[in-house]
Every structure is written in C-alpha cells, then in structure tokens.
Amino acid sequence: MKMSRLFGRTIREVPAEAEIISHKLLLRAGLVRKLASGIYQYNPLAWRSMKKIQDILRLEMEAVGMQEINMPVVQPAELWQESGRWYSVGSEMARFKDRSGRDMVLAITHEEAVTELVRNEINSYRQLPLALYQIQLKFRDEPRSRGGLIRVREFYMKDGYSFHVDEADLDVYYEDVMAAYFRIFKRAGLDVLSVESDNGNIGGKVSHEFMYVTPIGEDRLILCPNCDYAANQEVAQSHLEKREEQIAGDLEKVATPGCKSIKEVADFFKAEEHDCLKALFYVSNEEIVMVAIQGDLELNELKLKKILDDPNIRMATEEELEAAGIVAGYASPKGQKIRVLLDRSVYNSENWIIGANQEGYHYQNAQLNRDFTGEGPFDFELVEEGALCPQCQTPLKEQRGVEVGNIFKLGTQYSASMKAVFLDEKGELRPMDMGCYGIGLGRMLSCVIEEYNDQYGIIWPMSVAPYHVYLCSVGKDEEVIARADELYQELKDAGVEVLYDDRDLRPGVKFNDADLIGLPIRLVVSKRNLNEGLIELKERSKAESEKIEADSILNRVQTLIAEALKFEE
RNA sequence: CGGGACGUAGCGCAGUUUGGUAGCGCGUCUGGCUUGGGACCAGAAGGCCGGGGGUUCGAAUCCCUCCGUCCCGACCA
C-alpha cells in the first residue's frame, strides 16, 4: 500500500475527547473515527489489525475444534421471550418493530440464537460434543461508553458456544478453551490474568474473566501476591481473621450524642471501627431489609443481590427509614422488626458496639443471640486491598483491569428453558450442558496499543501490526525513488506486508508518521546511504537503527518477521 | 440516572465577564524555495458560533429549552 493513497490521515493534535493513550493514538494515527458516542468507524489500518486479531482467534478456535458460523444481529423477540431475557434485560438491548409490527431486537449476544440453531440440528449424544463460534457485531446500548474502543456500544466479538452430554465433558472442554485463550492473548502480545467472576445476566455457575491489568481498567481485581488467587472484586472473598479470645461483657446503654458514623462511634468508645456493628438498609420488593456487618468492612451489593435473589435492590432513603421508625445513625439489629441479615463477621465477636435504635444512644458489649438476632451467617464483604487471601491468608492487592475475554459454564440454563435436548445412550431425553466463550476484538486492539506505545506513537507487535514494514524514501533524487519503488515491489512480491511512504514530503514528516503509526520495521532509502549501497533498517521497538547491504535487506526483513511471529507457549 | 466540564473552520483553541455581526495556530489548496526528524515565503478556500425559542435597534455573547460530547459515579454477560 502506498501512503499517498492510504485512506485515513494522521493528525498532530489530540482531539479533546480523548483522554487515555490508546484512544489518543487510535485517533492520531488515523485508525478510527467516531460516528456517535460508543460507535466507531474503522479505517484501513485499524481494520487490517482487526483482521490480524481475527486470524489469531480463528487459528486458536479451530485448534480446539470450534467451527465458524455466522448468526444474525437482528433477531425476533420470541427467541428472547423464550429464554426470559426479553424481560430481564433492560434498555441496553435495542428493541424495535419491523414493518409488519413484529417485535425485534439487536442482539446483545447470541446464546439464544445458537441454542435455537443447535436444538434443531442435534438430537443424539452421538452428535455431541459440538462447539461453534462466530466473529460478529453486537450492539449494547450501554449507559456510558468510554475510553475510545475500551467500552463501546457497537463492537465485534468472537463468541463461541459449546454443547456437551454432561457437566464432566463441559468441564474438560472449558479448560481447553481457557488454555486457548491464554495462547490467543499471548500471540497478540498481551499478558492477561484469569480471574473468578460474576456470571451476571448470562446465568450459569462458573466463569472466568481474562483481564489486562492497567490503571485505566474499569474492573477492580483482587489479587493474591503469594498464591494464584485472583478474582473480580464483584465476587472476591476473603479469609476472616479470628478475633482474640473475648470475655463477654454485660450489655450497657451509653449516651453517644452526635456520634452517627462508625468512626465517630469508635472514637467515642476509644475502640476500633471493627468493634462497631454497621447497619445498612436496602429496599427489596418494597420491603426494607437490614444488613449488619463489621464496622470496618464495606458491603458488596452484588453479594446481597444474590442472597436476596433480587437484582433490583437499592439503598433505602431517609424518608423510608423514618417512616419505618428506624433511627438513621443509631440503628441496630436489636429488637428490630424488619428482616435482618447478618454478615459472617457479626459471628466473630462477643462484644459489639451497636446502635440503640434511639437518637443519641448506643449499646456496648452487645452479643449475638443474647441481645440481638438475625439470619445468617452470609458473606457480604466487599473485599478490598489488605484483606486476607481466602486460600493462603496473605494480604490481598487491588488492581484495575480491562476485561478482554470471558468464559462461562452455562450448564443447562438455556438448553432447559429452550429445550435443546438430546437422547442419551439409554434413550433418555436430556438438556445439553453448555459453555460460552467471548473475546472483544476492539478491546483487544485498544489494550495492545495501551501496552505498546511511547511518546511518539504506537509500537505494534508483529502479530497484529497493520503492516510489517514502513518503507520510506528520502528526497527527490530519481535514483533513490527508483530504488525505493523497486524495493517496494520486491518486498510485496516476497509476501512482506509493506506500507510505502511515497509522498513528496520532508523526511521529518515521514519519520514522525512512521513512529506514530508504529509498524514494527522501518526501512529508509536515501541518497547518502544508497551511495554506499546501504539501506537503513530500524525496528520501532529499538532505539538504534542499522545500515544493511541493499542486497540482503529482503532476507533480513523476512528473518525479523519470522522471528517475531514465532510462537512459543 | 446523579455529579462535573464542554459544544465557535477538518483538528486544537481565543472571543462570551462588559451585546455592535468572527479570529489565531495546525491541517487543506496554488505557486516558489527546501529535502535525514512535523522547514520557510507569498496567496487562497473553508463557519447557520450545536438546534429551537425569547430579550434587544442589534446576540457567538444575556434568558429559556432541547440536543450532542467527554470525565467521575451508578450501571454493565
């Protein structure tokens, strides 16, 4: 490709809308342009990289026996009504009516479609296991897109689905896919972590997310520096340290004027925050529920949602509390009429400082069962940095990450509701065990740029670079231009992917564009080197350039590319 | 959906406080000159000042309203 003809120009100044590095570089290098919030157009260079990512995905998916298919983005509502997600998914799914008034959706994912497809084809255990995948557009009308291609509304996803006779078979395949995922990200130059994660809307039990660790990530990760424990904060658990042996004291009511926060109360009693009991109020199905947890711990709302089996909980308002006769700031489980849920930490001490359910008063030495009760123990803890690892009790670390992929064991969630069943060896009808496996292509692209860049621009890994070589000529000298043209042809003929900067521009401009676009190898043909029969070669990732005999340049380039593409597990 | 910022030429911005009919830099086009790290000179094109309504003799500027964009949070397979 010649630069003079390439669509998508570079820009010097950073568009005001970009804040993170990958977003800035995507725009500056002319890779993408925004059409609307969270909706992007891909220019040729970006699209070539996307295709490189697709190549990697196809290679590794085929290697674990997945077959590529393609399913529609526009789907009838009936499909989603059958799985129930027509009702459970909110406004992130775009819905519309077709010309005959039929309800339709833009697919946010394809579990329903693939299940429908498979249930009509597969009816015997002899046809299982089966694994299908596609690389397809998804539309999710996210409440907030951000960070260029990190979080968008329209995006390409590789989504795979597997079907098994039983859970054991799914378990084995799940591990295969996990291994394939690590190979995929490694091929693209990304180091990722797999973390335990929430299944969210999709259902099922076991799932893992693949995280590229970066401060710009949206997900909070809880990681153990000592063992392999790694979890999304949404589901992270901790080891609860046993408190010192305590002598149970007598319940005592104490005037605590103006002490509403845990900190104020702890200071008043010259105690620690973990000696106080924190009471939180949520509304679930129009009913106020109290959650009690050790004072220094935060509550993980997702855990509460699961325990209440209600995704629509919210914190109670002050008015609601007042109406229910609850004294905000001085509330406790003692003598409470509403439903009380107790975190496991509440079982960990004999002497709690709790509210007296009366303005300006607290109790000290309150004891579970003797002085108050509730349902439990539950784990409501929002695990934060410093909590102890549930596996090895080392203090945990917190980092941020971008979710570039995920895998789920769906079990029979969809196959049961949508009747994707088969006849087993005994002639009995059973639902298939399903797994699903996603990777966001644009996110992957963004993360690669986020990982590989410097002050001048992108530094593409060979495997996903739009082209391998940036060839440029310096000056107007006819011999130089002729030699550069010749080299361009020579490289192309040899199968090297080359972007040829044939523009009549000053060298500085070309070099800056070369650095910005960031192809792995830069070749410069100039008068002064050509006089000595040399051509300059510079790797984008290295500081120094080298001069190479013109005759051996092709060989050298091919070697560099081959070495960079060599994959070792 | 809550909080914050913003919307003026392709991009980055000034002008808005104090109303008088739009400017700078980069980029683009023409010509000249230059050619190893975003040169220089001369000329040119390009704007419904986000949309609508109002106040006023007069609105980019003041008021109302809608829309859009970004950031933080909520949310998020």
Side-chain angles (χ1 to χ4, degrees), chain A residues 8-20 23-24 27-28 30 33-39 83 85 88-93 107-112 138 140-148 150-153 155 157 159 161 197-210 216 218-220 232 234-235 301-302 305 311-315 402-403 405-410 413-414 435-440 455-457 472-477 480-481 501 503-516 522 524-530 536 538 545 547:
Chain A
R9 70 174 164 208
T10 58
I11 45 178
R12 284 194 206 184
E13 273 163 317
V14 188
E17 67 191 37
E19 207 148 281
I20 65 169
H23 191 192
K24 288 178 183 172
L27 293 172
R28 286 229 296 133
R33 293 292 181 247
K34 187 180 66 184
L35 184 60
S37 180
I39 300 177
S83 73
R85 286 206 285 184
S88 63
V89 172
S91 47
E92 65 267 29
M93 184 156 72
I108 53 172
T109 178
H110 286 78
E111 280 82 24
E112 280 80 357
K138 307 257 185 284
R140 294 179 191 171
D141 196 358
E142 299 281 352
R144 187 181 159 207
S145 50
R146 70 185 106 183
I150 296 284
R151 182 169 201 77
V152 288
R153 297 194 291 167
F155 57 97
M157 190 171 188
D159 47 328
Y161 306 88
S197 65
D198 177 51
N199 282 42
N201 230 331
I202 201 163
K205 285 198 179 70
V206 175
S207 67
H208 287 86
E209 290 168 340
F210 293 78
I216 61 144
E218 306 183 283
D219 287 280
R220 289 190 169 85
N232 193 312
E234 295 173 338
V235 299
E301 288 193 4
L302 191 69
K305 283 178 186 179
N312 300 315
I313 57 163
R314 58 174 175 82
M315 287 195 88
V402 173
E403 181 190 345
N406 53 38
I407 56 178
F408 296 86
K409 289 184 189 174
L410 296 175
Q413 156 124 355
Y414 293 88
C436 85
Y437 319 94
I439 287 181
Q455 58 180 306
Y456 304 108
C472 86
S473 59
V474 166
K476 273 191 162 141
D477 185 272
V480 167
I481 289 170
D501 196 344
R503 297 174 300 175
D504 180 18
L505 291 171
R506 297 171 64 82
V509 178
K510 293 188 177 187
F511 293 157
N512 277 296
D513 273 348
D515 287 346
L516 179 56
R522 188 186 76 187
V524 179
V525 182
S526 69
K527 179 94 180 155
R528 76 180 191 202
N529 287 328
L530 211 51
E536 181 193 280
K538 181 177 175 300
S545 64
K547 287 171 184 167

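Numbers restart at 1 for each chain; the letters A, B, ... are given by sequence-line order, proteins then strands. Hydrogens, waters and symmetry mates are skipped; everything else that's a heavy atom, side chains included, is used. On a predicted model such as this, the values are computed, not experimentally measured, just so you know.
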Nucleotide nearest L516(A) (side chain, heavy atoms from C-beta), chosen from G36(B), A77(B), G38(B):
G38(B)
Taking atom C1' in both C57(B) and G12(B), compute the distance separating them and give it to the nearest angstrom.
37 Å
Check every atom of G38(B), A77(B), U34(B) against the side chain of R85(A) and return the nucleotide holding the closest atom.
A77(B)
Letter by letter from the 5' end, nucleotides 26-33 of chain B scores (B base, S sugar-phosphate only, - none; protein heavy atoms under 4.0 Å) SSS-----
For atom CG of L302(A) and atom P of A77(B), their distance in whole Å
9 Å
Considering only the P atoms, how many Å lie between A59(B) and C67(B), rounded to the nearest integer?
25 Å
Of the candidates G38(B), C11(B), G36(B), the side chain of P15(A) sits closest to C11(B)
Sorted by chain and residue number, the ring-ring contact (aromatic ring centres under 6.0 Å, His included) partners of H208(A) (sequence neighbours excluded) come out as Y174(A)
Within the pair R506(A) and U34(B), is there a side-chain N or O less than 4.0 Å away from OP1 or OP2?
no
Interatomic distance at P, C40(B) relative to C26(B), whole Å:
7 Å
Nearest to side-chain heavy atoms of V474(A), which nucleotide of A77(B), G73(B), U35(B):
U35(B)
I'd like to know if R146(A) and E19(A) make a salt bridge, using a cut-off of under 4.0 Å between side-chain N and carboxylate O.
no
Rounded to whole angstrom, note down the C1' distance from C13(B) over to U55(B).
30 Å
Output the single nucleotide from G38(B), G36(B), A77(B) whose closest atom is nearest the side chain of D513(A).
G38(B)
Between U34(B) and C41(B) - P atom distance, rounded Å
15 Å
Rounded C1' spacing from G10(B) to C62(B) in Å
31 Å
Separation of the P atoms in G68(B) and U28(B), to the nearest angstrom
33 Å
N/O contacts under 3.5 Å, protein versus nucleotides 70-72 of chain B?
residue : atom : partner : partner atom : Å
C70(B)  : OP2  : S37(A)  : OG           : 2.8
C71(B)  : OP1  : G147(A) : N            : 3.2
C72(B)  : OP2  : R144(A) : NH2          : 2.2

Between A14(B) and A60(B), how far is it from one C1' atom to the other, in whole Å?
12 Å
Integer-rounded Å distance: G36(B) P and D515(A) CG:
17 Å
If you measure only the distance, is there a donor-acceptor pair under 3.5 Å linking the side chains of N232(A) and E209(A)?
yes
Tell me whether R522(A) forms a cation-pi arrangement with F511(A), defined as NZ or CZ under 6.0 Å from the six-membered ring centre and within 45 degrees of its axis.
yes
